[in-house]
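First the structure, in the form of structure tokens, and then the observations on it.
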Protein chains: 2
Amino acid sequence: MPKESSATAEAPHGAERSRRTPSTPAPQLVAMLRDAIVSGHLVPNQRLVEADLSEEYNASRGNVRIALSELSVEGLVERVQNRGARVRAVSVQEAVEITEVRGAIEAMCASKAAKRAGPDEIRTLRSIAERMTHAVETGLLTEYSQCNKDLHSLIITMSGQRTAAETIKRLRGQAVRYQFRLSNHPGRPSVSLPQHLAIIEAVCSHDPDAASEAMSRHLESVAEAIRSSDA
Amino acid sequence: MPKESSATAEAPHGAERSRRTPSTPAPQLVAMLRDAIVSGHLVPNQRLVEADLSEEYNASRGNVRIALSELSVEGLVERVQNRGARVRAVSVQEAVEITEVRGAIEAMCASKAAKRAGPDEIRTLRSIAERMTHAVETGLLTEYSQCNKDLHSLIITMSGQRTAAETIKRLRGQAVRYQFRLSNHPGRPSVSLPQHLAIIEAVCSHDPDAASEAMSRHLESVAEAIRSSDA
DNA sequence: GTCAACGTTATTGTTTACAATCCTGCAAAC
DNA sequence: GTTTGCAGGATTGTAAACAATAACGTTGAC
């Protein structure tokens with residue numbers, strides 16, 4: 001691991017001896033660390049030593065400390081008194097719970113989305129349905145995964161429920177590892193595709209109950225898949 | 001709106017120790033501030049000046065800073081760059097949203113609780129039903145409010161859904177002001193009592209769908225009450 | 001009288017230094 | 001052989017000093 005990898009921005013007026021440029025503002029650092037965790041760059045249970053992170057991200061230890069505190073509240077890192085912080089490891093059981101809660105909230109969002117769906121949004125939904133179907137037919141896994149994200153995201157946006165959006169975002173962050181693992185599971189798309197299509201159809205038909213039901217079933221299926229993946 | 005200066009709420013620890021005791025650990029400080037906010041000692045939009053809080057709670061400014069960061073993530077305080085922190089004011093619209101999300105999650109919990117209900121828990125539920133009914137008959141508002149809390153809390157516990165419990169706890173913290181206002185509204189208990197009894201009955205009958213439905217209706221009613229309270 | 005430039009003050013953001021705590025390894029005693 | 005006590009080092013918790021920023025009031029010009 002390179003310790004001196006940072007750009008050597010030396011002072012123009014030669015005599016200055018200082019080589020350091022240690023300045024990463026706290027909010028930015030929080031975003032960076034969050035990214036590193038959800039992207040898997042920092043793996044579960046990995047120790048997060050303040051001094052090391054400080055060095056790594058060119059930030060003061062105080063800022064690192066604040067960042068770890070915030071991410072701890074977000075549920076991405078785990079802290080114990082005088083023992084430091086580590087990337088929180090989410091158990092299968094917990095991932096299932098998260099999916100269940102998501103299911104409850106997103107079902108409500110789907111219901112609201114069905115009530116409020118406008119022509120433009122319906123058109124977008126239908127296009128997602130087509131893209132998804134095509135992706136499954138041609139076996140484009142990443143395309144399908146992207147559509148999946150787009151669909152869920154769009155429905156939440158359509159619901160106009162900011163609190164729900166915020167809550168789901170946080171929950172997703174914690175379970176992202178399992179989402180990823182699942183989306184790479186062969187055979188999974190062919191199971192979830194009809195569920196997605198049912199959700200889209202219900203929302204486009206302005207049928208709140210059917211939309212809620214379809215979303216609920218879909219995430220129950222996801223939870224079941226996580227349970228049986230175990231690993 | 002007067003630009004009231006910093007907090008002058010008395011420190012929670014009643015016994016005033018020696019003036020020179022500049023040490024309140026960070027986790028404890030977080031708990032204290034959270035308490036002060038949800039209990040209403042610190043009112044919405046009140047400025048939270050770091051130096052003042054530091055003095056008030058005998059904590060270093062660094063710790064105050066960490067506490068404010070964490071509470072900001074929890075949604076209890078609002079921060080803007082270089083402009084400081086203040087107690088976050090939750091709008092009526094937002095309180096309704098929170099109640100809706102709670103409804104979705106708690107309905108799921110009620111469903112699970114109905115599936116898992118054991119004899120002891122059923123007995124406790126029935127006793128709550130009696131206490132509630134009695135409280136309404138004799139007009140004991142605070143007793144009814146306590147039963148309300150106990151009921152919701154018990155059902156969440158019964159569901160065994162830790163993630164749901166955690167999520168709801170956070171949401172409740174943000175909207176607690178409205179809960180309080182509502183519980184003091186005369187006539188409200190006579191509306192919510194039958195709803196509560198219906199929930200209890202469904203859970204005790206091991207009827208998940210009915211329990212979910214009853215809980216959902218109940219919180220929809222709460223949301224409606226918040227909407228119309230407006231003020 | 002209004003408006004704009006400017007300096008002052010209050011408050012936050014950041015860094016550094018210091019103290020407290022915990023883990024590790026080793027040696028001595030039982 | 002196991003356990004207990006004790007340095008030594010690593011890491012976190014805390015405090016104070018320093019720098020940067022934005023709000024405020026004042027002065028001066030038009």
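All heavy atoms count here, side chains included; hydrogens, waters and symmetry mates do not. Reminder, nothing fancy here: chain letters follow the sequence lines and each chain counts from 1.
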Report task. State whether the side chain of B:Ser72 and the backbone N or O of B:Arg79 hold a donor-acceptor pair below 3.5 Å, judged by distance alone. Result -> no
Query - Contacting residues from residues 72-80 of chain A, given that a heavy atom lies under 4.0 angstrom of DNA chain D - result: A:Arg79
Query raised in the report: Given atom CG of A:Asn63 and atom P of C:dT12, what is their separation to the nearest angstrom?
Result: 16 Å
Query raised in the report: How long is the gap from CZ on A:Arg172 to CD1 on A:Ile156, to the nearest 0.5 Å?
Result: 8.0 Å
Requested in this report: Measure the distance from CD on B:Glu55 to C1' on D:dA15 and round it to the nearest whole Å.
Outcome: 15 Å
Query raised in the report: Over how many whole Å does the gap from B:Leu68 atom CG to C:dG13 atom P extend?
Result: 9 Å
Query - Verdict with supporting geometry, B:Glu166 and A:Glu97, side-chain contact (heavy atoms from CB on, under 4.5 Å) - result: CA-CA 11 Å; B:Glu166 197 59 36; A:Glu97 285 195 3; over 6 Å; no
Requested in this report: Select one nucleotide: of D:dT11, D:dG13, C:dT14, the one nearest the side-chain heavy atoms of B:Arg65.
Outcome: C:dT14
Requested in this report: Indicate whether the side chain of A:Arg88 and that of A:Gln174 have a donor and an acceptor atom separated by less than 3.5 Å.
Outcome: yes
Query raised in the report: NA contact type, B:Ile66, heavy-atom cut-off 4.0 Å: base, sugar-phosphate, or nothing?
Result: nothing
Query raised in the report: How is B:Gly62 classified with respect to the nucleic acid when contacts are heavy atoms under 4.0 Å: base, sugar-phosphate, or nothing?
Result: nothing
Query - Which nucleotide in C:dT15, C:dG13, D:dT11 has an atom nearest any side-chain atom of B:Glu50 - result: C:dG13
**Report entry** Rounded distance [0.5 Å steps], CG in B:Leu171 versus CD in B:Glu94
**Finding:** 10.5 Å
Query - Gap between atoms CZ and P, on B:Arg86 and C:dT12 respectively (whole Å) - result: 11 Å
Query raised in the report: Nearest-Å distance, CG (A:Asn58) to P (C:dT15)?
Result: 10 Å
Report summary line: Closest heavy-atom pair, A:Ala113 versus A:Ile155, reported as atoms and distance to 0.1 Å, is CB-O, 3.8 Å
Report task. Spell out protein contact along nucleotides 17-24 of chain C as letters: B when the base is contacted, S when just the sugar-phosphate is, - when no protein heavy atom is under 4.0 Å; keep the 5' to 3' order. Result -> ----SSS-
Query raised in the report: According to a strict under-4.0 Å criterion, is B:Ser60 in side-chain N/O contact with OP1 or OP2 of D:dT14?
Result: no
Query raised in the report: So, A:Tyr144 versus A:Ser192: side-chain donor-acceptor pair below 3.5 Å or not?
Result: yes
Query - Interatomic distance where CG belongs to B:Asp52 and P belongs to C:dA10 [whole Å] - result: 12 Å
Query raised in the report: Which is it for B:Tyr178 and B:Val92 under the side-chain contact (heavy atoms from CB on, under 4.5 Å) test, yes or no, and what are the steps along the way?
Result: CA-CA 8 Å; B:Tyr178 290 91; B:Val92 169; 3.9 Å; yes
**Report entry** Non-neighbouring partners of A:Arg188 that pass side-chain hydrogen bond (donor to acceptor under 3.5 Å, both in side chains), sequence neighbours left out
**Finding:** A:Ser221
